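Counting convention: from 1, in listed order, for ligands and their atoms alike. Computed from a predicted model, the values in this text were never measured in an experiment.
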Amino acid sequence: MVWDLPTRLFHWSFVASIIGAYVSGENDATAAHEYFGLAAFGLLVFRLIWGFIGHETARFSSFIKPLGLIVGYLVALVKRTAPHYAGHNPAGGLAVIALLSIMAAMAVTGLWTGDDILYEGPLTAWAPELFADWAPMMGNWHEELHIVVIPIVALHVLAIIVHRLWLREKLVSRMISGRDFEADTPSPIDTRRTRLGLVLLAVCLAGSLSLSLLTPSY
Ligand code: HEM
Ligand code: HEM
């Protein structure tokens, strides 16, 4: 197994929540947007914790690599000699951090974003006192940042295609099944840890979705 079940469930539900949030956000479908955005937020909280307590390949420590290794990997990629990794490769690890950070910035700023008409974000009443214009500032960032969402996702999908065509690595099927037939030493899976991950995923999602109860109604 390369990817444990909680990491795979995280990935594909995250894809659905980001696509849902983007489409509903662009189409002013505020009620649906709140649920998709909050689901993305909960999934991100799960991924943050799982990055410390998950199985080996899911841990940040296994895929955050020094710059030298990242550059070395990219050079090898161009020469078509890049080694196969049972987990994220050094450049992929950096891309994962970028993807997670941008989506986290979107999800967090969304908590204070309103539509200037009938909707205020769930945490609008809890703005830090230090910043007078906290909610409008978060709303501005939400609007400014959304333009990087499509480019970073496009880059991610392009990278997966390059791996398939250039290095002949089948990364999508292993993100679905968790199995990697190209890796020599599959990482062991601990059933209890997997169960813990599934419970954590459910708790994070339930907690984040229930933030919608705080949204002011007019
Ligand atoms: C909204 C769109 C998407 C987002 C936000 C996204 C985000 C991510 C993130 C955060 C990871 C890291 C997984 C982890 O360690 O937890 C990842 C990995 C991955 N994603 Fe996506 N993803 C998206 C769409 C897709 C699509 C459409 C595909 C399939 C074509 C895909 C295939 C993969 C694969 C294969 C990996 C594992 C890469 C590896 O083996 O190193 N993703 N994605
Ligand atoms: C990763 C998660 C999220 C993504 C990708 C996302 C994406 C977007 C996008 C693309 C827009 C349209 C921006 C524009 O065209 O100006 C938008 C607007 C909006 N988002 Fe989000 N969003 C996310 C999370 C949230 C959350 C958690 C909330 C609140 C609970 C939220 C509240 C809003 C509101 C109220 C608007 C409308 C702003 C306006 O009409 O001026 N978003 N979002």
- Message: Any heavy-atom pair between the side chains of Met106 and Ile18 that's under 4.5 Å?
- Response: no

- Message: Please list, in number order, the atoms of ligand 2 under 4.0 Å from a heavy atom of Met103.
- Response: 1 (C)

- Task: Give the ring-plane orientation class for His142 versus His33, where under 30° counts as parallel, over 60° as perpendicular and anything between as tilted.
- Result: perpendicular

- Task: Answer side chain, backbone, both or neither: which part of Trp3 comes under 4.0 Å from ligand 1, heavy atoms only.
- Result: side chain

- Query: For atom 2 (C) of ligand 1, which candidate among Leu43, Val153, Leu100 holds the nearest heavy atom?
  - Reply: Val153

- To which of Gly139, Ser212, Gly25 does the heavy atom nearest atom 11 (C) of ligand 2 belong? Gly25

- Message: Less than 4.0 Å is my threshold; does some heavy atom of Asp116 fall inside it relative to ligand 2?
- Response: no

- Task: Please work out whether the ring planes of His146 and Tyr22 are parallel, tilted or perpendicular, with thresholds of 30° and 60°.
- Result: tilted

- Residue portion contacting ligand 2 (non-hydrogen atoms closer than 4.0 Å) for Ser17: neither

- How many angstroms lie between OG1 in Thr57 and CE in Met1, if you round to the nearest 0.5 Å? 10.5 Å

- Taking atom CZ of Arg168 as the centre, does the number of heavy atoms from other residues, nucleotides or ligands within less than 6.0 Å exceed 12? no

- Query: Given NE2 of His156 on one side and NE2 of His11 on the other, what angle do they make at atom 21 (Fe) of ligand 1, to 10°?
  - Reply: 170°

- Indicate, with yes or no, if Leu77 and Ile160 share a hydrophobic cluster defined by side-chain heavy-atom contacts under 4.5 Å among Ile, Leu, Val, Met, Phe, Trp and Tyr. no

- Query: Do you know which of Arg174, His55, Arg179 makes side-chain contact (heavy atoms from CB on, under 4.5 Å) with Trp3?
  - Reply: Arg174

- Message: Tell me whether Phe36 shares a hydrophobic cluster with Leu44, the cluster being built from Ile, Leu, Val, Met, Phe, Trp, Tyr side chains joined at under 4.5 Å.
- Response: no

- Item | Atom indices of ligand 1, in the order listed, that fall short of 4.0 Å to a heavy atom of Val96 | 12 (C)

- Provide the number and element of each atom of ligand 2 under 4.0 Å from a heavy atom of Tyr119. 29 (C), 30 (C), 35 (C)

- For Gly121 and ligand 2, answer yes if some heavy atom of the residue is under 4.0 Å from a ligand atom, otherwise no. no

- Query: What atoms of ligand 1 come within less than 4.0 Å of a heavy atom belonging to Val172?
  - Reply: 29 (C), 30 (C), 35 (C)

- Task: Starting at CG of Asp4, measure out to CG of Leu9 and round the result to the nearest 0.5 Å.
- Result: 9.5 Å

- Query: Do any nitrogen or oxygen atoms of Thr7 come within less than 3.5 Å of a nitrogen or oxygen of ligand 1?
  - Reply: no

- Message: Counting only heavy atoms from other residues, nucleotides and ligands, does the tally under 6.0 Å from OH of Tyr35 exceed 12?
- Response: no

- Note on the structure: Looking only at non-hydrogen atoms, the one of Met175, Arg47, Arg174 nearest atom 40 (O) of ligand 1 is Arg174

- Test of proximity, Asp28 against ligand 2: N or O pairs below 3.5 Å: no

- Query: Should one rank Gly114, Ala39, Gly37, Ala21 by closest heavy-atom distance to atom 4 (C) of ligand 2, which comes out on top?
  - Reply: Ala21

- Message: Counting neighbours of CG on Asn27 that are heavy atoms of other residues, nucleotides or ligands and sit closer than 6.0 Å, is the number greater than 12?
- Response: yes

- re atom 14 (C) of ligand 2, the protein heavy-atom contact at minimum distance is His146 CE1, 3.5 Å

- Query: What residue and atom, counting heavy atoms only, is the protein's closest point to atom 26 (C) of ligand 2, and at what distance?
  - Reply: Gly110 CA, 3.6 Å

- Message: Checking the N or O distance criterion of under 3.5 Å, is ligand 2 in contact with His33?
- Response: yes

- List every atom of ligand 1 that sits less than 4.0 Å from any heavy atom of Phe10, numbering the atoms from 1 in the order shown and giving each element. 16 (O)

- Item | Among Val149, Leu171, Ile150, closest by any non-hydrogen atom to atom 35 (C) of ligand 1 | Leu171

- Note on the structure: Restricting His142 to its N/O/S atoms, the closest one to atom 21 (Fe) of ligand 2 is NE2

- Nearest neighbour in protein (non-hydrogen) for atom 15 (O) of ligand 2: Glu26 OE1, 2.9 Å

- Please work out whether the ring planes of Phe10 and Phe46 are parallel, tilted or perpendicular, with thresholds of 30° and 60°. tilted

- Item | Which residue and heavy atom of the protein sit nearest atom 16 (O) of ligand 2, plus the separation | Glu143 CG, 3.1 Å

- Any Phe41 heavy atom less than 4.0 Å from ligand 2: no

- If you scan protein heavy atoms around atom 36 (C) of ligand 2, the nearest is Thr113 CG2, 3.9 Å

- Would a 4.5 Å heavy-atom cut-off, applied to side chains only, mark Arg164 and Glu169 as touching? no

- Item | ligand 2-proximal atoms of Ile18, by part, heavy-atom distance under 4.0 Å | side chain

- Message: On a heavy-atom basis, which atom in Ile70 and which in Pro90 lie closest, and how many Å separate them?
- Response: CG1-O, 3.7 Å

- ligand 2 atoms nearer than 4.0 angstrom to some heavy atom of Pro122 are 30 (C)

- Give the atoms of ligand 2, by number and element, whose distance to some non-hydrogen atom of Asp115 is under 4.0 Å. 39 (C), 40 (O)

